[in-house]
Structures are given as C-alpha cells and as structure tokens.
J.: 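Supplied in structure tokens, the structure appears directly below.
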Amino acid sequence: MKAAQMSLTRKFEKVCDIIARYNNDPSKLIPMLQAIQDEYRYLPEEVMVFVATSLGISPAKVYGVATFYSHFALKPKGKFIVRVCDGTACHVKRSEDIIDALRDKLNLTEKENTTSDMLFTLETVSCLGACGLAPVVVVNDEVHGEMNRAKVNELIDAIIKKEAANEQR
Amino acid sequence: MNENLIYVDGREVKIENEKNLLEIIRKANIEVPTFCYHSDLSVYGACRLCMVDVEGRGLSPSCSTPPEAGMKIKTNTGEIREIRKTIVELLLANHESNCPSCPKSTACQLQSLSKKLGVGEIKFKKLETKQPVDRSTESIVRDPNKCVLCGDCVRVCSEVQGVGVIDFAHRGSKVSVLPSFGKNLNDVECVLCGQCVRVCPTGALSVKSQINEVFKALNDKNKKVVAQIAPAVRVALGEMFGYEPGSVVTGQIVGALKHMGFNKVFDTSFTADLTVIEEANEFLTRFNKNENLPLITSCCPGWVKYAEQYYPQILPHLSSCKSPQQMFGSLAKDFLAKLYNVEPKDLVVVSIMPCTAKKFEAEREEFKHNGIAEVDHVISTYELAQMIEESGLNFKKIQPESFDMPFGFKTGAGIIFGNSGGVTEAVLRYVDEKLTNKKSDAYEYKIVRSGNGIKEFCAEINGIKINMAVVNGLANAKKAVESVKKGEKNYHFIEIMACPGGCIGGGGQPAPKEAGANAMRTQGLYDNDKMLQLHKPQQNPYIEELYKNHLGTPGSEKPHKLLHTKYHSRRRITEEGLSLINSKNARKIEVSVCVGTSCYIRGAQDLLHRLIKYIEDKEMTSIVEVKASFCFENCSKGPTVNVGGKIINRCDFETACKEIDLQAGKISDGSAA
Amino acid sequence: MSSVKNKTRVCEKLKSVALDKIKNDYEKLEAGIKRRVIICAGTGCVANGSIKIFEALQSKLAGEKMEVVVELREENKKDALHLSKSGCQGFCQMGPLMTILPENYLYVKVKPEDIDDIVGITLKTGDPVERLLYVDGATGLRCKGIEEIPFYKKQHRMILKECGIIDPEDINEYIARGGYESAKNACLTMTPESICASMIESGLRGRGGGGFPTGKKWELTRIQPEGKKYVICNGDEGDPGAFMDRSVMEGNPHSVIEGMIIAARAIGADEGYVYVRAEYPLAVKRMKKAVCDAEKIGILGDKIFGSGQNFKLNVMEGAGAFVCGEETALMASIEGKRGMPSPKPPFPAQKGLYGKPTVINNVETLASVPIIFKMGVGEFKKIGTPGSPGTKTFALTGHVANTGLIEVPFGTTLREIVNNIGGGVTDDNGKVSPDQFKAVQIGGPSGGCLTADNLDMPLDFDSLKEIGAMIGSGGLVVMNKGTCMVGVAKFFMQFTQNESCGKCVPCREGTRQMLAMLSDITEGEGTEETIAMLEKLAAVIQKSSLCGLGKTAPNPVKSTLAKFRSEYEAHIYHKYCPTKKCKALLKPQIDASKCKGCTICKKKCPVGAITGEVKKAHVIDESLCIKCAACAAACKFGAIMGV
C-alpha cells in the first residue's frame, strides 16, 4: 500500500515531542493542537491523522475538535493575520465598515479570507478588550485603534511595501 | 407505601431501576418522541423532543432526568406540544424534502413524527445549501441533507464499535456529521458495519441499494440467477411485514424469491456448515501445533476490515476460511456452474444478508477471479423487503416453498451462525465428536449463549481444555485483542462479530421497532435450530457428498483453493511511523522539506509528495529518509529543503532530486570502497 | 530534579517562616523607596502603547543619576525610584495611564514625548505635569489624583483595588498587602464545613451570570463522598464588550489563586484548573507566572502552608469558543473534547470534570473570596443589597464619555453609573449630550436593554431578572439615540448564532431562523407575521434549549421588542429605519447644499447611476443605484447620504 510506505519514510519529530510532552494523554488534545499550530501556523491533515493514531483516538474526533474551536486553522493562514474586533463597542462604532474596507483593499470575500499571495488573512474576533480604542484592528499582535477606511489602507500599504523590500533583500 | 411511585399524567408508575424519566414514561405506555435517545448509548440530550413538565421544576428533558419518588409529570401539555412541533418544523425547514423517494420513506422518524404532531406548512426559511451525497462505499449512502444531527450514528460508531469514523465537525449552524477531514466514507477507516444506518432516524444514512442490478439480472434471459439467504435474515424480515421479531419466515422468503424469478434459492447456512468443518479442522491443526493461537474467526467482514486496519499484526491469527457467503459464491461459480452447465460469468450469485459489510466483502479483490466475482450482488434484509413490495407480493399470503438442493440443506449449526456465539457453538459441536471420537445426541452448548460484550469460558473435552471467548461489538473486540496482545488472556479461540448480538443485529436488518427485538431474533434462530433434524455440520449428508465427490478431505488442496483466503494490512500509519525513537541509521540521507506556511504556499507539500514517490520509485528508501519538517525561518526563500545537511532555498523538484542522487551516489561509492 | 528538591526545602522552610517574613521583608524594601511610577500594562493601555512608554522611561532614567529599581530586591539603595507595571487601572479610554506615588498623580494619555517632563518635573521635584492630568469635563478643572476624578470617585473598588497598583508579576507584593493570609487561615485554622458555612452566610452570588449562591455550590460539592474533586476557575469570559475577568487575571492573578485555594480547602479538592479565554494571551502569561511563583514558595503543591491540604493548579488556554463559558462545555474542553454542553443533572457538583465532583466559579467570584475572609462576612454584607451583597465590576463601553472598567456596590443605579462614573451619554461625534440617552445593553448576548425608565432602578441580580434582563458577566454598553435597536438585536443574534455549539435543535436551528427574520426586517423584507414568529420562536428557544447560552439567546430580541417595538414596526410597515442605520432601507441621495459638482462620484459609480453637470449638484438615480457606496467613499464633501 502506497500510504503505508509513505508514512514509513516520514516522521514528525516535533509532533512526537509535543505528544510526549503531554504524556500521550488524549485529554490534552487541545493544548497539543495549540502547540502544533504554534509550530506550523496551521494544522495539516497528515499531522492530525498522525496525532490521532498515536493517541489511539479516531481522526474524525481530532478533526471534530479542530473544527470546533475557532483558533484552530486547517488551512495555512497568511503571514499577517488581520483581526477586526467586532465586539459590541467596536460594532456600535461601525467595525463593519472596517471589515468592508479591508475586504475591498485585499480583494477578499466572506468565504475567501486569505489573499492569494498568502500575505494576509482577514478575521473577525469578538472583543479584544480594547473597547476604548474602538474600532480596533490587530495585525498579528499589534493593536491599531480608532481605525477608519483611510487608516486601513495606509496600514496595509505599509505592510506590503515592507514585505516587498524584504523579498528583494 | 407510595415512596417508589411517580405520577405520569396522573397515573401511578413504579420506579424499577429505570435510569431516566423517559423509560418510566414508556413503561406507562406513553410514547415520548425522541431522536437522540437510545438505551444502549450514552445520553446526549440534544433533540429536546422528550421535554416533559415536572411539577416544581418546569420543563425538563426526560432522557436525562433521573426519576425521583413522588415526581409528578405531565407529558402532553399545550406548551410541550408547541415545543415539539416547533422543533420538528425547524428541522424540516432545512431537511431535503424528497420524502416519497427517500430510501427511508415510511421508516423515517422525522416523517412519522411530523405526521403525528400534525405539522402543517413550514414557515421557516430553508437556509442551508445542498451538500453532496456520499455514495463512495459499496454499503452505505450518506446524505447530509437529511441529517438532523442527533448524533446517534456518532455514538454508536464510537461507543459500541469503537471505530469513531464519523464525528461532529464544525460548530453552530455549520455543524455536520462527517468522516475525518470531510472525506468520503470510502477514504477513511469505516468498516461498513452499518450500525449507523440502523440507528439513523432519517434518510441521512441508508443502505446502498443493489436492487436495480438484481432485477436487471433476473430479467436477463442469458443469466441463471441463484440466491443465498443468510440465517439472520429469516428471523428479521417478517418485522417489515407486521410479524413479531424472531418469527421464522424462511418459506415465504424462498417463495417470494422464486416468484421474482430466481432460478434457484439456496441457504447460506449450508456453507456455514462447511465453514465450521474447515475452520474446526484449521483450529485443531493449530491447536495441536500450538501455532497462531488464538484462532480468531473471520466470517464477519466488518471485523476482518477492522483487524486489517487496526491490528494487521494479528492477521495470521485470523482463520483463513472464507466466510460462508464467499464459500457459497466460490462453490457456486465452480461447482454449480458446472452442474448447470453455464459459464461462471452467466451464473449470477445474489446474497441476501443482514449486513452492509457483506456488500464490501463481495467486492474484495481476493474474491474475484479473472474479473469474475464469487458473489455478484448483495442485498440487505431491508432491500429484500423493498423488492418484495416492488414485485407486488403480499408477503403474508405467499405460499411457503423449500430451498433447492444441494445447497439448500443445512443443520442447526449453520442456522445459529446468525447469533453471537453461534460459530463457537457450531465448532464445539464438531470438535467435541472429533476429539472424543464418539457420536452423541447432545448438541446444545448454552454456556456460549447470551453473551453481552465479551463472554469467556473454558470448554473441556476429553480432558483437553480450550479457552474460548465470544465477542460482539467492535469496541469489545478491541478490548479482547488488546488483552491478548498484552498477554493478560490466554485464549485458544475467539469468535468476533462486529455487530451487537451478532448478525441478527446487523446493519442491514430493519431498525427494531421495539426494545428487545434483538433478543427475540436470537431466540428465533435457536428455536429454528431445535426444529431441524440435524444439528451438527458433520451430519449434513450434502456436505459429506460434496467432500467425497468434489473437494476431497477438509483442509486438503482443493478446499484450500476454493474455501480459504488471506487478508492484508490496511493500516495507514505503521507502527514504525509511530515510534517516537529515531532510527539511527548512519548511512541514511535525511531529506526534510519545510511545510511551514510560507513554504506550503510555494508548493512544499506537493514537492514533498513528489520526492517521496521519487525515492520509492528509485528504491532508495533504505538509504534516504524523507520527512516533513517545521519552519526553517527562511520564509522568503521557500520552499526550503534540507538534503543531508545541505539547505537548498527556493528548491524545486529537479534540484532536490539532483542533490539526493549526488549524495546517494557518495554513499554507495563509500560502501563499495 | 534539583528544582524539586529545592521546592521541598522551601516548603519545609515555609512551615515556620510563613507569610509574615515575606511581608516584613517587602515592607522594609518598600521603605527605601522614595517614589513609585506605575504604568498600566492592561490590554487596553498596552494597545495604546504603554509598554513603549515604560521602555522609554527606563532608558531615559538610565541616563539620569537616579537609583531605579524595577524589582524590589535585597540590594535596593536608599531613596530609589520604583518603576513597575500594573494590571488594568480601569480608565482604559484615557490610556496609557501612569500613576505616581506617593503623590498619587494619575497621568492620562501619556506619550513618549512626555517622558522628559515627567522625569524632569515630577520625579525630581514632586510637582505634577499639569497637562497630563485628567480634566473633569463638567468643571473644566484638572484632577490630581484618582480621588478627584469623577470616574473613580463614585466607584467602590474592592476587587479592582489592587489591580491598578500592585505588580501582578510580583507575588511578594501581593503577600505584603495581606495576600494569602485568608488562604492560610482557611488551610490551617478552618474546617471545610466552617468555610462553606461562612460562604453561605456571606451571601456571595456567582458573578458569571446566573447569580447562584457560591456557598451553596461549595457545600453541595463538599458533601459528595468521592475522593477526587476539582476546582475550576472559569476565565472564559467571552461576552463581546466585557473584560472584567481579564483585568482581574492580568492585574491581580494571585487573588484568583487564593480564592481557588480556599475553595479547594472547602470542598476537599486537590487539583484545579484555570481556564482562560484564548484571546487573552497576557492573562494566560500572568496566571501561569503566578501559579509558578506560588508553587515555588509552597503556596501551591503538596502540603500547602504546611497543612494537610494539597493543591495542584493547571492553567489551560481556551481555543476560541464562547460556549466554553458554559460550565459543562468548559469541562468537556478541558477533557480534550468539543466544547458542547451536556444535560444537567448531573450537576458539576455531583459529576463534573472527569466525572468527579467539581466546583466551577467565575474569576470575579473567586477573587471576591479572599476579600470576604479578610474583611469578615459581616462587613462584606454591609456592601450592596441584602439579596446581592458585595460589589460588581462592569465594563462600561459604548456611547459614554468615560469608558473603562468600573466597580460599584450592587444596588447602584444605572443613572449613577452612566452620568457620574461614565460622564454622560455622548452623541455620534463623541460630545456629551444627556438627551441622547437611548438604552443600556446589559449582560451581553444573554442580557437585555434597560431604558430611561430603568435609570433609577438599583442594579442587582433580582431586580434585573424581574425585568427580563440579567447581569450576565457585566458588560454595560451605553447606546445613544443614533443606535438602531433592531440592528442591536441582530448583532447579538448573529453573535449567538456564530457561537452556538450546534448541539441542541432549538438553539442551533432556532437562532439561525431568528437571525434570518431580523435580517429580513432590517432589509425591508419583514411582514406582519415576522414579529409574531420571532416571539413564538423566542419562547420555544428559551424553554427548550439545552444550556444557558441557548436559553438566554432570545433575550436581546425579547427586550428590544418589549421596549422598542415601534422601531421594529417602522422597519416592517414603513420600510424605514428611524436611526437611518439600516443600509437597505436608505434612499441614496446627494445633499445638494454640500455637493460642489466635482463629478468624482459620477466617475466612480460603477453602474452609471449618478448624473449631473460640472459645478452643479449631482443626483443619484435610485432605480440604478446598487448602494455600493463607492461614491460616498470618493466624495470629499460628505454630500452623499443613504448608501
């Protein structure tokens, strides 16, 4: 069988380390997946099947857990994760417009939230707790407050410019 | 004293070990609707249909509320009816509404509940888009558009079968029941036992029908069509036509099949007798040599697939005997084809089975020879009922007919195969006489019967002690195998059936309308055994004749060719792959491909797959180890590949291959020198 | 290995040393400090750049001839300056915040440019930098310290008291302020029975939403015969617009741990979990450090305080599911499963985590516990109302002058909160205008709306329940007259619909249908039947859902329907949104008085719906307009309305 041979020659050492760190305990699946996602930035299918098999649980169960929690990504995310806060305070201060502006700028839709060059992923998040600065946009871990359409465009352009410079180097 | 009483709609009901109010209410002969409660599964509490009014507490789900003495319950208030009706309306709003043409039509609980509750026009919007229907397997059709997310299938698959091949995925209104990663059932570890189909209240999971193919064969003048009927079918089919569970309707089935145009109708119990003789001899050989013990039965295709997937290392323990269905098919295409003077391809073998996995078994490559399958079509008990209806037959009025010979004659041993413990008992009936070398009239081994889960015992024959275990349900099978693997148990013989209760509880059987149906079917088969004149396979004159004229002696070359087979591993990730210890092979070139996000985007995954294939094709697996690795933090220069310590940025397939070849060349040069 | 040995050695030592020594040592060190600068490092201020301020100040001070300590240690010099970070100081809107002790100045909106003056003036002379002081909008006066600022003046800060002052990463400071005394007493001098009795007597009710008496919960768990029991701290605060628990975990993590130790002692648990919402990385970090520090000195682990009590505490980070705030879902999540609630009974007190009796309390509840034991049950009961003793923290946000984290006694009126603490309602331009008050949304997606009629109602568990709202976890969103209430209901319904776990039918399917109906209304598709169907469905969902999330999901709709029915009707019958917030109901129009006829909008319009001549007012053809708003974005004069 092809599949069996493939796995023979492939090992996921980091994943093994992570699983071992949690004593192969299936009840620690969530922290394990979090640690794996920290490594990969998403949860590749092969890795999840591997985790399931080593823990003696079914891949469907792992898939079920991974798809239940919004923090787990099953597809690779862009290098920059742009999160728009849509908590009550931001919503009241029209975070919707910010989302629209970002979608326009990045050419994204509700369904397709990662740019084709994998530079940006757009997400919404319910309340980052920076309500005083509403509406708020967070790029990776950096918070940008009191956003509007113009500031959104500036922000994205700056990142693109910086990236292009890096690429050339 | 009324301390043990509950008042259900004003009526007194005694509490007797019931776990919840629902059971109490049912005992009072009041039907509380539910989708997600099954007495043999864990309580889920999701459908909210079984809400009742408990005085002092208000509305409570009866499935998860333990009974307490003195409770006063109302099961049918205006408020409750309103809730139930709204719930059904909410479900129907997004339910694919092709009810008349649904395979579960008339057996669907959503349909019947809607009618019972008098649901009229649905004012809610349909908010769901149509999902593709999964027809990938031979056995089961999964139609997510009809799923009510009660989770019965999920729980039976994980709790009873221990497979867990389907589970809930996603969240909120996006929840669906899916195989892992949203794949098709055929691409995951489904053993096709069909227990999910049995518990599914709607048409979301149904048996994949082969009715059309069978009718087509029957209408084809160039084909000779023969049927085989498995033992468990005869005690369950009647339920579809108003008989009590366990009623034996063999004669009517034969009559109906003859009416439909089957040329010959035979009994799978005949080849079950044959299986016993082959398997018992195999067992005795192994027992005497103390080789590959315990012997584990292999008549159940769901169990066989499970073993192939999860325990490939125990495959040598499986009996090499084909299942009765395949023995029948094999003999039919060989012996019957000659007997009737037709080409094997023109002899169509149709199996009628209580099982969905048998459909898969019939399609296995092991059971096809020169492109001709031993068994052409497999239909379930459920489909047989459908065919009878479609043929316009009034089942209750069909004139019973008898089986055709020679493969229609069986002993009781072949009949009890349909029960968990039946194979074991049949083997004992043979082994006992063989070891004692004495004929005896006694034939019942009640010790093996009515086992729940794992039943173990020691059979002592002529001073020889045989440790045996009878297992049903794959979750129990796992326990049994694990205990053997760990050396905790020392069995000589294990019978394993995938379904609870054995074949009588198979996934192709009609959904039981009442609790205890399985027990009644089991009893039906034992009663049937009693009614027969012969009970031991070795007494079957047709079997004796078959060996004499056609097969030779049990276990000899011809039976080996026709009646035995071999199974293979289907494990996706091997033990080696799972080992946490690094194999330290100094001579190996390590190739790692970064599959971090950045490299992934630049096609690292594809590169990885191509490299693995390349290594395999060039047969370099012993010297090159390919693996995925994590971010090399070289993201702008991806994909990054590390070949034996040399890091290649912006790597493409050709560059990687070149480097691998170069380093591999050095290794072989080195070893030559 | 050696660390284990060390730990046991420290443990042994602590039996005799106790907390007093740590306290004395700390006070001695503190005496050598001349001045302390506390920079708020709560999430709000960090977002505003407070860490940069901290770093800038640190490097500035490095160049000055001043003794600066960041951590109080033995080698401190005399007359040193203590520079520290604190958790949330509460006044998030004015961040970054800086407190200077002993003068007790509160500097607001501090920028790196201000560092020179802070160092040059305040740190050298003790005088305030006037421009950094908060200006009271009502009087126009600059307020020196928090006691002069109306936002703080009207509050009663108990749980949050230490939050903005102490260094959350320094266990010694917590101990120096009397921390862990209550836990020590509980472990050494009180029986589980007496702890539970005191808690019942205190009348403390769960701050997570339902308001179930905490003491009763503990007692129910205590009496379970099972050997293994758990204590869980529910830090999965997820209501949009609520961040009280985060602030406590970030600002005073040891108070939570202390509460958990007392709970563990009370019920006989030897293991606990702090479950922190995934969106709170700072809280996770601080909780983990606090647990680690407490373990090091034997406050957590085996035989804590030298008593027979063992308590192992784990910190688990959530993975992004609001429903995990529901206790059974949270426990499923700890067990590595999908966070789906399960039916109760059995209650967690009977069968909780891993099937064992479990007490699960919210962060604020647990942080209240040591305070109660410290001040005494009698004193505690004097605060708040008889039915709801104590204080409650709220996250005050929305259209209000002062947003931030506040704490008031139960029974405080909404008017006091909005006007006195919040500084009054603001209009869409952020100006205070009292007549703009429309409603306050309380309790997030499970709560309801309070209107002007409720302004003088004392806020407590029971009074809110009576009017169909709930305190929830404590989000208070003030809304001005420009807010569309149908839109608000839809926002919350969208939220619950997204966050429903999808297990039970009424919540999964029902909220989805309710959302569709609300969308219909805001898009002008609502009919006479829609309101009736909304009400019917709301009742069914409320009565039959499996968990609290579903049972309370219809609340925002029910309460807006009750209070603002005419707004719904305007949308339905007149296809008109009174606040002009529902885009679909707006008529695209160009304000002729503002239009300069620059023709840009005409060029931008993708469907050619705009006509007009140069330098003359343009018009939009409504029948062609697709409301893409490209024109409005392009217009420099703000002349385009209704798209």
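First the proteins, then the strands, lettered A, B, ... as listed; each starts at 1.
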J.: In terms of heavy-atom contacts, does CD of A:Glu110 have more than 12 from other residues, nucleotides or ligands at under 6.0 Å?
T.: no
J.: Which pair of non-hydrogen atoms, one from B:Phe181 and one from A:Met48, has the smallest distance, and what is that distance?
T.: CE2-CE, 3.4 Å
J.: What closest approach, in Å, do B:Lys478 and A:Gly56 show between heavy atoms, and which atom pair accounts for it?
T.: NZ-O, 4.1 Å
J.: Is it true that, when you exclude A:Asn107 itself, more than 12 heavy atoms of the residues, nucleotides or ligands shown sit nearer than 6.0 Å to its CG?
T.: no
J.: Check B:Gly164 against A:Ser58 and note the closest heavy-atom contact, atom names and distance.
T.: O-OG, 2.7 Å
J.: In the structure I gave you, are the side-chain heavy atoms of B:Leu178 and A:Tyr63 within less than 4.5 Å of one another anywhere?
T.: yes
J.: Are there over 12 heavy-atom neighbours, none belonging to A:Glu123, within less than 6.0 Å of that residue's CD?
T.: yes
J.: Are the side chain of A:Thr67 and the backbone of B:His170 linked by a donor-acceptor contact shorter than 3.5 Å?
T.: yes
J.: For A:Lys61, does the NZ atom sit with more than 12 other heavy atoms under 6.0 Å from it, leaving out its own atoms?
T.: no
J.: Counting only heavy atoms closer than 4.5 Å, note whether B:Val163 contacts chain A via side chain, backbone, both or neither.
T.: backbone
J.: How close do B:Val165 and A:Ala60 get, counting heavy atoms only, and between which atoms?
T.: O-CB, 3.4 Å
